[in-house]
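These notes concern the structure reproduced below.
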Protein chains: 2
Amino acid sequence: MAKSFAIRDLIGVDSPQRSHVKPLHPALVTAELGLEAPDLWQKFNQLTTEMIVTKSGRRMFPTLQVVARGLDPHANYSFLVDFSPVDEKRYRYSFHQSRWMITGPGDAELPSRVHAHNESPAPGAHWMRQVISFEKLKLTNNQLDANGYIILNSMHRYQPRVHIVVHDRVDAPKVWNMQRTFVFPSTTFMAVTAYQNHRITQLKIASNPFAKGFRDSEMDDAWLYQTSAVSMLPTFSSNLYLASLAAATSSKH
Amino acid sequence: MAKSFAIRDLIGVDSPQRSHVKPLHPALVTAELGLEAPDLWQKFNQLTTEMIVTKSGRRMFPTLQVVARGLDPHANYSFLVDFSPVDEKRYRYSFHQSRWMITGPGDAELPSRVHAHNESPAPGAHWMRQVISFEKLKLTNNQLDANGYIILNSMHRYQPRVHIVVHDRVDAPKVWNMQRTFVFPSTTFMAVTAYQNHRITQLKIASNPFAKGFRDSEMDDAWLYQTSAVSMLPTFSSNLYLASLAAATSSKH
DNA sequence: CCTTTTCCACCTAGGTGCTAACCT
DNA sequence: AGGTTAGCACCTAGGTGGAAAAGG
């Protein structure tokens with residue numbers, strides 16, 4: 001119960017009372033998600049992660065990747081990601097104080113678009129076979145984006161959420177809650193059009209292969225493996241995060 | 001009837017008598033496939049198309065691409081491709097006579113592997129929304145291939161086949177033929193480990209963007225558009241090929 | 001001799017942060 | 001002054017046929 005409260009507060013979901021919630025669909029009760037590369041996410045999170053948003057769309061780095069367990073191998077699931085505002089504030093980075101500060105109320109938020117993993121829908125066995133990577137997800141600040149990318153406000157803070165949805169065959173009456181939501185707090189980030197914290201820039205350059213051209217010669221790949229070997233390995237059991245929300249489908253826009 | 005015979009002879013499918021064939025599943029009766037870029041295929045075919053096979057796998061060029069019509073928007077389909085030997089002969093290219101000649105009996109053929117389009121299964125509406133491209137299909141001559149690529153014998157001739165399979169919900173007894181096969185004769189090709197006909201090489205270089213590095217300066221993209229503009233456009237209606245075979249599932253290995 | 005393999009330069013396609021210009 | 005944009009050099013990732021070497 002306390003855990004449920006903490007999560008609700010954390011991600012700001014309007015979670016209905018337990019007693020009013022439909023029971024979970026059987027194919028979801030044992031579902032678990034683990035975050036991949038938690039150490040890398042942790043490194044960024046300690047500095048306050050920044051994600052670039054551009055008109056043409058920008059990938060996330062680190063990439064949001066999860067490992068699934070406890071799915072029904074034969075049931076069909078879709079894996080979705082959306083983004084909830086952490087608060088309704090606008091931020092700016094104080095270079096002077098080297099930290100983020102609230103500058104005022106947040107801009108209007110459109111209902112978050114939902115990114116569906118392109119292998120959706122697929123059987124549980126498929127999802128459990130390998131890491132589920134949302135590498136194709138792109139962030140944009142273009143409110144008129146026509147590519148289906150996730151629209152975010154720059155200088156606002158967001159929390160990615162992973163939703164598992166069961167596609168029932170024909171379970172007579174809809175008595176089940178068909179959706180389950182997982183949240184990994186270390187993946188919270190600030191949307192920006194240009195990096196603010198120079199240490200974030202350096203960490204991106206050091207860890208994103210596509211930014212290798214900006215690395216100082218001496219800081220090669222070995223550096224990362226040395227300082228955070230664990231983040232490169234599947235670390236399901238030890239990093240399992242059980243923040244499952246019995247969020248009703250109605251809570252989705 | 002005459003058409004049915006001609007097609008059967010062409011691709012060498014062991015097609016059962018009409019009278020013994022189960023009736024087509026309702027979601028397949030109006031299904032039609034059209035070949036994309038038929039003019040480009042025709043150009044290659046006139047010279048006897050060659051496709052490279054390598055140990056590590058090689059894409060086809062031209063890419064096999066089709067347009068679908070007449071599917072049930074709500075029914076689920078898979079799109080498959082396999083390759084049937086045109087004959088049981090081994091060929092060699094006579095540089096002297098500039099043509100392919102039979103040199104003896106064909107090597108043993110393993111049952112053709114089947115390449116499933118990676119969006120399978122999906123609703124009919126999805127397949128009809130855009131061109132269905134089998135660009136990820138790879139050909140290999142490695143009989144021990146562990147990547148799921150299509151295994152072919154070099155210096156043998158093959159006919160690609162496109163299969164549409166319906167995924168029925170629970171149609172009580174299996175009284176329907178759930179599969180339909182389409183064949184485009186202009187896509188027949190010779191498997192080779194190195195190009196034999198120099199004119200084929202030149203046509204590949206002229207039309208495959210990845211081979212642009214080998215083009216003579218003057219023969220740029222405009223050349224292709226000028227000489228076969230139609231091949232670059234969707235030309236469904238005028239090039240619809242209706243070679244549908246009521247091939248029983250049993251004819252598949 | 002005919003066929004296959006390996007390595008390569010040269011492409012396509014697209015993901016990086018930097019920089020300078022631009023906007024408000 | 002703070003925030004955004006567009007073009008860029010530099011990467012990753014991988015699809016071309018050529019040429020020379022290696023098989024058989």
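Given the structure is predicted, the values throughout are model-derived calculations rather than measurements. Below, read A as the first sequence line, B as the second, and so on, with proteins coming before strands; counting in each chain starts at 1. All heavy atoms count here, side chains included; hydrogens, waters and symmetry mates do not.
Contact annotation for S154(B): backbone-only contact, meaning every heavy-atom pair under 4.0 Å involves sugar-phosphate atoms and none involves a base. As judged by a 4.0 angstrom heavy-atom cut-off over every strand, T54(B) is placed among residues making no nucleic acid contact.
Between the side chains of N118(B) and E119(A), no donor-acceptor pair is found at a separation under 3.5 Å. Side-chain atoms of D82(B) and H115(B) include no donor-acceptor pair closer than 3.5 Å. Counting only N and O atoms by type, the side chains of S133(B) and Q65(B) include a donor and acceptor under 3.5 Å apart.
Whole-Å rounding puts the Q196(B) CD to dC2(C) C1' distance at 9 Å. One atom, CH2 of W100(B), and another, C1' of dT3(C), lie 11 Å apart when rounded to the nearest Å. Look at OH on Y93(B): it is 17 Å from P on dT4(C), rounded to the nearest Å. Between the CE atom of M155(B) and the P atom of dT4(C) there is a distance of 6 Å, given to the nearest Å. Regarding M101(B), its CE atom lies at a distance of 12 Å from the P atom of dC2(C), rounded to whole Å. The interatomic distance linking L152(A) (CG) with dG3(D) (P) rounds to 17 Å, in whole Å. Here the P atom of nucleotide dC18(C) and the OH atom of Y195(A) are 9 Å apart, to the nearest Å. Between the CG atom of L144(B) and the P atom of dT4(C) there is a distance of 16 Å, rounded to whole Å.
Of the candidates dT3(C), dG17(D), dG3(D), the closest approach to any side-chain atom of R92(B) belongs to dT3(C). Nearest nucleotide to the K204(A) side chain, out of dT16(D), dT3(C), dG17(C): dG17(C). When distances run from any side-chain atom of F210(B) to the nucleotides dC11(C), dT16(C), dG17(D), the shortest one goes to dC11(C). Among dG15(C), dG18(D), dG15(D), the nucleotide with an atom closest to any side-chain atom of K138(B) is dG15(D).
Sequence order on DNA chain C of the closest nucleotides to F214(B) and N141(B) puts N141(B) first from the 5' end. Both V53(B) and I52(A) lie close to DNA chain C; mapped to their nearest nucleotides by heavy-atom distance, the more 5′-ward contact belongs to V53(B).
Between Y77(A) and W127(A), the distance separating the two ring centers is not shorter than 6.0 angstrom.
For a distance-only test at 3.5 Å, the side chain of R58(A) qualifies as a donor-acceptor partner of the base of dG17(C).
OP1 and OP2 of dT4(C) both lie 4.0 Å or more from every side-chain N or O belonging to K55(B).
Classification of the Y91(A)-W100(A) ring pair by plane angle, with boundaries at 30° and 60°, yields perpendicular.
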